[in-house]
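Computed over heavy atoms, backbone and side chain alike; hydrogens, waters and symmetry mates excluded. Note that the structure is predicted; figures quoted are calculated from it, not measured. Counting begins at 1 with the first residue of the sequence.
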Amino acid sequence: MTNRVPMYADQAAQLVRLHQFLRWIVPSNFGFALIAAIGFIVFRDLPTGITAIVLILCSGVLFLAQVLVRRERLKEAVSTICVALLGASVLIVLLQPALFPTLACIPLLAVALALPYLDGRSLRFLTVAAFLTTIVIVLCGEFVSSWSRLPDWFVVGFRIASLTTTIGLVLVLLWQFSSRLNDTLARTRAAEERYSLAARGANDGLWDWDLLTNEVYYSTRWKEMLGCGEDEVGTSPDEWFNRIHEDDRIRVKAELAVHRDGLTPHFESEHRMRDVNGRYHWILSRGLAVCNQDGQTTRIAGSQTDITVRKQAEEQLIHDALHDSLTGLPNRVLFMDRLGKAVKQVRRHPDYLFAVLFLDLDRFKVVNDSLGHTAGDELLVELGRRLLAAVRPNDTVARLGGDEFAILLDGITNLHFATSVADRLQVHMEAPFVLQVNEVFSAISMGIAFSQADYEQPEEVLRDADIALYRAKAMGRARHIVFHRAMHVRAVEVLQLEMDLRRAIERQEFVVYYQPIVSMQTEQITGFEALVRWQHPQRGLLAPGEFVPIAEETGLIAPIGWLVLTEACRQMRIWQAHFPDYSALTMSVNFSGTQLAHPDLTKHIDAIARELGASMRYLRLEITETVIMDHAGSSAEVLAYLRSLGIQLHIDDFGTGYSSLSALHQFPISTLKIDRSFIGRLDADGQHANMIETIVTLAHNLRLDVIAEGVETAAQSQHLRRLGCDYGQGYLFSKPVDADKATALIAQAGITSCSRSALVTAAYIAK
């Protein structure tokens, strides 16, 4: 079963009308055929008999047209009817010339029938055929002799009947045409109403440009958009173009010309237009060209829409995407875009100079923690204002995130200009910030990177400025540092070192060295301090100073610290097992702030306690006073827990940090360890001797032991002994050595009756 093609409403109506016409003409044609047949029978007139046959054949063709109508083959049905009418009229006029007045109307009837259904070549061909048929009918009626012997009354009666029927059919066609015209008018009115409603609903103005007369029709809504009255706008194209913003006018005309020439499928343009008050509105104009049969554009019609609100929203979205919501300054995206343009400018013009200042607030976290984030936001907003006040209008001040800001000094004359701006910014920071009625003083640290021809990407410039900022903070804050290549080399080395550190933890490349701690009175070894070393696969054995700062900054100090603590405790158990007489040997291990605040601290310590058992009382954890005070809130409980396990707690590097005397009472400390910086100047500076004596006296009054580290000369040892220092460690006694050499020190020197000279000898042998 084949699928039928769906009909449009107009096509269905045409089929109905054609079917109605056939319902009139087919019975009429059969009726005249019957009359002609009766005439033939009655009057024995051969032409009349042939006429009857022609009419019967014509009726058959019309019946075929009905079949085509039922099959919805509209044009074939109309063509079939027209051929039947024209052919039958020519044949009948040859047989009955006296009927030519009636037959002369038949071609007109055929054309009237075909008008609603045919067009183009088909209609032209039918018109010519009807005209020729009419000429043939008239000529035959005038000049062909009739050989029919019908009575005159019969001929007159047949002529009157056929003429009446033909007129009736014409009236039927006129009635159908009127009905079709009414339907068309109704659809047209409905379409106009829909179009009018759509135009009003869309709130668009309409325009129609007749290119032949060069006149433009502007709708009422088009004029209202610009605040114009109905009579205030003429029909000239200049009424449109003169109101377009001068920056957009040439472009709009070019877009219209391109569409008029057929190079674009439609015209569409966004531009600004001036209203009667001189304000500009964003307008979206659309249009479509209409061409004649020769392909020539004769008119362009379209609409215009006011898109000012949409444009403002787009501009706001773009602004929000490129600016910081808190300070209103350009954000990282916009800053990097402008910096990228500056980098390209340098590559095109080597004499062009720019500088980038990367800065942040010193101790900004303190403001947030003490006064709250609202006050912190106020500080950032005020900082942005001060930065803008210190630079030129063409410079870019951006907030990159948090308390980080960047300044692009564009087109500077020399490099000194950037440092002058940095100094000026520091002066602007001297005035206090008023935050929620509180006066707050804050400083900034800055890194400066200058334009160089070898910069390929803007990220490289910002990276170098960030490196310089990091160096400024490391040197004491509230200052600016100019970037140089060595900083980048160092930064790359640090990054590589960090990656190597992570691999070193996985590969267990760390080894523990041990430095003896001796009694200053008896010069006997009382214990060891475990010191970590890194056996780097390429660089060899690295001292702690080369990697511990990086480990602390990245948080890797925790796994390294647990590794050292575990290995040191394991070694202490080995020594206790091999040297039963030396069971009082202690082990000191550095304990970092990260370990002190580690959530799994008790888990690690419990594992070590299970291994050491009663020997936990010989374990010493060395914690700097800075770490203790930075974690003062949680340190007391943790240190009390460690002390409950029998672990002794030492304050390392005493005198270099807070030196808070209250901490000595608040926390369960057993020993103070004097920093090597005091010991190193003991020989030449009596002031340091007095300070050491004060520390020793304070410690003894609090029933604390004192260890001096960094003892390198016999004179230092004598001073410390005279000042009452309890223990010492340093190169005078032994350098840090591995476990095997430390074992040799214990075996050779002993721990009960070995003099310092014997210890040195043992250390030499251990080497």
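Looking at every heavy atom in both residues, Phe678 comes nearest to Met691 through CE2-SD, 3.0 Å. Contact detail for Leu435 and Val440: the closest heavy-atom pair is CD1-CG2, 3.9 Å. Closest heavy-atom contact between Val512 and Ala530: CG1-CB, 3.7 Å. Between Arg533 and Ala543 the shortest heavy-atom distance is CD-CA, 4.1 Å. Across all non-hydrogen atoms, the minimal contact from Ile505 to Pro559 is CD1-CG, 3.8 Å. Annotation for Ala708 and Leu720: closest pair CB-CD1, 3.6 Å, computed over non-hydrogen atoms.
Contacts classified as salt bridge (Lys or Arg N to Asp or Glu O under 4.0 Å) and involving residues 439-452 (residues at least two apart or in different chains) are not found.
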Verdict with reasoning, Glu498 to Arg502, per salt bridge (Lys or Arg N to Asp or Glu O under 4.0 Å): CA-CA 6 Å; Glu498 178 184 348; Arg502 296 184 184 276; 3.2 Å; yes
side-chain contact (heavy atoms from CB on, under 4.5 Å) between Met587 and Gln576, worked out: CA-CA 11 Å; Met587 181 64 71; Gln576 289 176 345; over 6 Å; no
Evaluation steps, side chain to side chain donor-acceptor pair (under 3.5 Å), between His700 and Asp726: CA-CA 10 Å; His700 287 167; Asp726 301 301; 3.0 Å; yes
Residues Phe591, Glu622; criterion side-chain contact (heavy atoms from CB on, under 4.5 Å); working and verdict: CA-CA 6 Å; Phe591 203 66; Glu622 297 187 358; over 6 Å; no
ring-ring contact (aromatic ring centres under 6.0 Å, His included) assessment of Tyr455 paired with Phe450: CA-CA 10 Å; Tyr455 279 132; Phe450 291 111; over 10 Å; no
Phe510/Val564 under side-chain contact (heavy atoms from CB on, under 4.5 Å): CA gap, chis, key distance, verdict: CA-CA 8 Å; Phe510 296 99; Val564 173; 5.8 Å; no
Criterion side-chain contact (heavy atoms from CB on, under 4.5 Å) on Ile407 and Val391, from CA distance to verdict: CA-CA 9 Å; Ile407 301 174; Val391 299; 4.0 Å; yes
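Between the side chain of Arg424 and the backbone N or O of Ala390 there is at least one donor-acceptor pair closer than 3.5 Å. For the pair Thr586 (side chain) and Thr526 (backbone), a donor-acceptor distance under 3.5 Å is present. Formation of a donor-acceptor pair under 3.5 Å by the Ser445 side chain with backbone atoms of Ala478 is found in this model. The closest donor-acceptor contact from the side chain of Arg676 to the backbone of Glu709 lies at 3.5 Å or more, if one exists at all. Judged by distance alone, with hydrogens and angles left aside, the side-chain atoms of Gln426 form no donor-acceptor pair with the main-chain N or O of Asp423 at under 3.5 Å. Under a 3.5 Å cut-off, the side chain of Glu712 and the backbone N or O of Gly730 do not form any donor-acceptor pair. For the pair Asn701 (side chain) and Thr697 (backbone), a donor-acceptor distance under 3.5 Å is present. Put simply, the side chain of Ser519 never gets that close to the backbone of Tyr727: no donor and acceptor are under 3.5 Å apart. Arg399 places a side-chain N or O within donor-acceptor distance of the main-chain N or O of Gly402, the cut-off being under 3.5 Å. Panel note: side chain His650, backbone Asp652; no donor-acceptor pair is recorded below 3.5 Å.
Here the straight-line distance linking atom CZ of Arg620 with atom CG of Leu649 works out to 9.5 Å at 0.5 Å rounding. Distance check: Ile651 CD1 to Asp675 CG gives 13.0 Å after rounding to the nearest 0.5 Å. Here Ile674 contributes atom CD1 and Cys725 contributes atom SG; the two are 5.0 Å apart, rounded to the nearest 0.5 Å. Here the OG1-CD1 distance, from Thr522 to Ile525, works out to 10.5 Å after rounding to the nearest 0.5 Å. The CG atom of Leu501 sits 9.0 Å away from the CG atom of Leu542 when rounded to the nearest 0.5 Å. How far CG of Leu409 is from CG of Leu415: 11.0 Å, rounded to the nearest 0.5 Å.
Tyr514 and Asp738 share no donor-acceptor pair across their side chains, judged by distance under 3.5 Å alone. Side chains of His484 and Asp464: no donor on one and acceptor on the other come within 3.5 Å. Defined by atom type and a distance below 3.5 Å, a donor-acceptor pair is missing between the side-chain atoms of Gln515 and Glu529. In this structure, a donor-acceptor pair under 3.5 Å is absent between the side chains of Thr594 and His598.
Looking at heavy atoms from C-beta onward, Leu732 lies out of side-chain contact with Thr713 at the 4.5 angstrom threshold. Side-chain contact between Thr624 and Phe654 is absent, with no heavy-atom pair separated by less than 4.5 Å. Two residues are said to be in side-chain contact when any heavy atoms from C-beta on lie closer than 4.5 Å; Leu531 and Asn590 meet this criterion. Residues Glu378 and Leu371 fail the side-chain proximity criterion, which asks for heavy atoms closer than 4.5 Å. Contact of the Ile623 side chain with the Leu639 side chain is registered, since non-hydrogen atoms from C-beta on lie closer than 4.5 Å. Side-chain contact between Glu523 and Val518 is absent, with no heavy-atom pair separated by less than 4.5 Å. Using a 4.5 Å heavy-atom threshold, the side chains of Ile707 and Gln729 count as touching.
Residue His428 places its NE2 atom among more than 12 non-hydrogen atoms of other residues, nucleotides or ligands, all under 6.0 Å distant. Within a 6.0 Å radius of CD in Gln508, other residues, nucleotides and ligands contribute 12 heavy atoms or fewer.
Each of Leu383, Asp360, Leu400 was checked for a side chain to side chain contact (heavy atoms under 4.5 Å, CB included) with Phe405, and the lone residue meeting it is Leu383. Considering Trp575, Tyr618, Tyr513, Phe733 in turn, Trp575 is the only one that fulfils the ring-ring contact (aromatic ring centres under 6.0 Å, His included) rule with Phe528.
One finds a salt bridge joining Arg539 and Glu546 here, because a Lys/Arg side-chain nitrogen approaches an Asp/Glu carboxylate oxygen to under 4.0 Å. Electrostatic pairing of Arg570 and Glu567 counts as a salt bridge here, judged by a charged N lying under 4.0 Å from a carboxylate O. With salt bridges taken as basic N to acidic carboxylate O contacts below 4.0 Å, one links Asp500 and Arg503. Look at Lys365 and Asp403 and you find no salt bridge, because none of the NZ, NE, NH1 or NH2 atoms lies under 4.0 Å from a carboxylate O.
Under the 6.0 Å cut-off for aromatic ring centres, Tyr470 and Phe483 do not qualify, their centroids lying 6.0 Å or more apart.
In this structure, Arg386 satisfies the cation-pi test against Phe433, with its NZ or CZ atom closer than 6.0 Å to the six-membered ring centre and inside 45 degrees of the ring normal.
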